[in-house]
Protein chains: 2
Amino acid sequence: MSRKKIPSIVIPRLSFYYRALLESRGSDFISSEELAKLTGFNAAQIRKDLTYFGQFGIPSKGYKIEDLKQKILNILGTDRKWNVGLVGVGNLGSALLSYRGFAKQGFEIISAFDNDLRKIGKKLEGVEVQDISELSQTVKEKNIQIGIVAVPAIAAQEVINTLIKAGVRAILNFAPIRPQVSNKVELLNIDLSIEVERLAFFLRRGR
Amino acid sequence: MSRKKIPSIVIPRLSFYYRALLESRGSDFISSEELAKLTGFNAAQIRKDLTYFGQFGIPSKGYKIEDLKQKILNILGTDRKWNVGLVGVGNLGSALLSYRGFAKQGFEIISAFDNDLRKIGKKLEGVEVQDISELSQTVKEKNIQIGIVAVPAIAAQEVINTLIKAGVRAILNFAPIRPQVSNKVELLNIDLSIEVERLAFFLRRGR
DNA sequence: TAGATTGTTAATCGATTAACAATC
DNA sequence: TAGATTGTTAATCGATTAACAATC
């Protein structure tokens with residue numbers, strides 16, 4: 001699509017643009033200025049972000065809302081289904097299993113794994129918990145493309161290695177470590193400890 | 001402490017430095033170069049980050065590990081306890097209630113709220129679920145400083161308004177919206193939808 | 001003292017935004 | 001055509017990093 005490197009910070013902004021578009025009815029077109037008002041981002045930034053992926057706008061009119069929505073869906077890859085595997089069915093894992101938000105965007109958790117014998121074989125949200133030793137084979141058989149890691153810190157790196165070896169190229173990691181992965185793999189860390197420490201810093205300062 | 005404005009990106013890096021320090025034994029001192037190796041950050045950046053808060057190092061020796069750990073704990077505000085209130089005791093909320101990581105860092109969830117009559121009055125992880133109508137009063141009575149919001153998107157802004165009105169100055173929001181708050185309040189959004197869309201983007205491109 | 005490493009300045013890099021010619 | 005808004009260039013801003021004098 002484009003030759004210039006796309007800064008990765010652009011991607012979440014596209015998601016926000018899309019959300020704003022969902023709520024903007026009443027007109028067929030929207031200008032970068034209007035979208036800026038709705039999202040809080042700068043209008044020039046919005047135009048620039050979009051041109052990384054093509055020329056979607058019409059001078060003097062703006063962007064056709066329906067078209068732009070489709071374009072963004074397509075860019076983000078949320079116009080199709082993705083197979084997700086969940087590793088670790090503790091409290092957090094169970095919450096993620098039942099999180100409707102994933103399925104709504106086409107991310108379907110089709111397999112779940114744990115090493116706790118009391119959990120293996122149980123069915124949660126229609127997904128049977130498998131022994132973690134079956135991870136590698138199942139990933140291949142079911143064409144799992146995204147891994148969600150919700151295991152304790154101590155086990156996370158090994159789980160991630162196994163996922164990658166089995167062919168997973170995108171991982172959402174909730175364990176509070178920074179796993180080592182090759183740059184062929186997209187790894188996103190959601191680290192609650194780090195976030196609450198940010199809050200504490202602010203509270204300590206803010207008075 | 002310092003007059004220059006501290007870029008907020010520095011704060012999570014401090015958390016990572018601290019984690020690395022926890023694991024570095026064998027010597028009393030550590031150089032910025034060694035810490036850089038351990039964390040993957042640049043040594044100059046580490047030194048610069050630290051000098052926002054003071055001059056902790058000794059030329060030719062490095063940083064005294066124990067001292068630096070204490071300093072960072074103090075800067076982050078994790079050397080003390082914080083009272084946390086959780087709003088929304090669904091799957092995610094329950095997972096957060098039982099997440100040991102919070103308590104380990106001094107963040108204690110002392111109250112939980114929901115509007116579901118079937119949940120109100122129940123005890124989870126030693127915390128009784130209260131009616132959300134009691135939120136405001138309980139926040140004041142128990143001196144709740146941090147709010148965690150794990151309610152559906154539709155309810156989030158109102159819950160956040162109530163928290164702020166009652167005196168909460170730091171909020172961790174899991175609802176997939178960007179709430180409007182005054183700049184007196186620190187708001188961190190953890191938005192799973194946005195994150196999985198980042199993964200999908202990568203998968204779509206990466207081949 | 002000589003050697004090592006800090007704290008800090010200055011250069012570099014990359015992202016944001018203002019400005020405007022091109023275009024509908 | 002005149003007016004509006006895009007796409008894009010150039011200026012600005014802020015964060016990262018290399019370099020080095022100061023210091024133990």
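Within every chain, numbering begins at 1; the chains are lettered A, B, ... in the order of the sequence lines, protein sequences first and strands thereafter.
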Quiz prompt | ring pair (Phe, Tyr, Trp, His ring centres under 6.0 Å) against B:Phe201, all qualifying residues, sequence neighbours excluded | solution =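 B:Phe201 satisfies ring pair (Phe, Tyr, Trp, His ring centres under 6.0 Å) with no residue once adjacent residues are dropped.
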
Side-chain heavy atoms of [X] within contact of [Y], under 4.5 Å:
{"X": "B:Ile11", "Y": "A:Glu197", "value": "no"}
{"X": "B:Gln157", "Y": "B:Asn161", "value": "yes"}
{"X": "B:Val87", "Y": "B:Leu135", "value": "yes"}
{"X": "B:Phe102", "Y": "B:Ile109", "value": "yes"}

Quiz item: Heavy-atom count around B:Ile154 CD1 within 6.0 Å, excluding the residue itself: above 12?
Solution: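 Open: at most 12 neighbouring heavy atoms sit under 6.0 Å from CD1 of B:Ile154.
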
Quiz item: Which of parallel (below 30°), tilted (30 to 60°) and perpendicular (above 60°) describes B:Phe41 and B:Phe16?
Solution: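 The arrangement is tilted - the two ring planes meet at 30° to 60°.
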
Self-check item: Contacting residues from residues 24-38 of chain B, given that a heavy atom lies under 4.0 angstrom of DNA chain C
Solution: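 Here the set is B:Ser31, B:Ser32.
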
Quiz item: Is there a salt bridge (charged side-chain N to carboxylate O under 4.0 Å, His left out) between A:Arg19 and B:Asp191 once you walk through the steps?
Solution: CA-CA 13 Å; A:Arg19 278 194 196 163; B:Asp191 196 320; 2.9 Å; yes

I'd like to know if the side chain of [X] pairs up with that of [Y] as donor and acceptor (distance under 3.5 Å, no hydrogens or angles considered).
{"X": "A:Asp49", "Y": "A:Gln45", "value": "no"}
{"X": "B:Glu34", "Y": "B:Ser24", "value": "no"}
{"X": "B:Glu141", "Y": "B:Gln137", "value": "yes"}

Quiz item: Ignoring hydrogens and geometry, is there a side-chain-to-backbone donor-acceptor pair from B:Glu158 to B:Ala155 under 3.5 Å?
Solution: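 Here the side-chain-to-backbone pair does not exist.
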
Exercise. For the pair A:Trp82 (side chain) and A:Gly77 (backbone), establish whether a donor and an acceptor sit closer than 3.5 Å, ignoring hydrogens and angles.
Key: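 It does hold such a pair.
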
Quiz item: Nucleotide by nucleotide, 5' to 3', does protein get under 4.0 Å of the base (B), only the sugar-phosphate (S), or neither (-) in nucleotides 10-21 of chain D, counting heavy atoms?
Solution: -----SBBBB--

Exercise. For B:Asp114 and B:Asp131, run side-chain contact (heavy atoms from CB on, under 4.5 Å): C-alpha distance rounded to whole Å, both residues' side-chain angles, the deciding distance at 0.1 Å, then the answer.
Key: CA-CA 6 Å; B:Asp114 207 298; B:Asp131 191 313; over 6 Å; no

Quiz prompt | Interatomic distance, B:Ile46 CD1 vs C:dT6 P [rounded to whole Å] | solution =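 Nearest whole value for this atom pair: 10 Å.
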
Quiz item: B:Lys64 has an atom NZ; how far is it from atom P of C:dT6, in whole Å?
Solution: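 Going from B:Lys64 (NZ) to C:dT6 (P), I get 16 Å.
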
Quiz item: What stems, by residue range, does DNA chain D take part in, given at least 3 consecutive Watson-Crick or G-U pairs under 3.5 Å?
Solution: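 In DNA chain D, stems of three or more pairs: C:3-24 with D:3-24.
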
Quiz item: Quick one, which residues of residues 55-63 of chain B touch DNA chain D with a heavy atom under 4.0 Å?
Solution: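 Of all residues in residues 55-63 of chain B, the ones placing a heavy atom under 4.0 Å from DNA chain D are B:Ile58, B:Pro59, B:Ser60.
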
Quiz prompt | DNA chain D contacts made by residues 178-187 of chain A, counting heavy atoms under 4.0 Å | solution =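 When residues 178-187 of chain A is checked for heavy atoms under 4.0 Å from DNA chain D, there are no hits whatsoever.
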
Practice problem: Is it possible for you to check whether B:Arg169 lies under 6.0 Å from the centre of the six-membered ring of A:Phe202, through NZ or CZ, and within 45° of that ring's axis? | Solution: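 Geometry flag: not set, cation outside 6.0 Å or 45°.
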
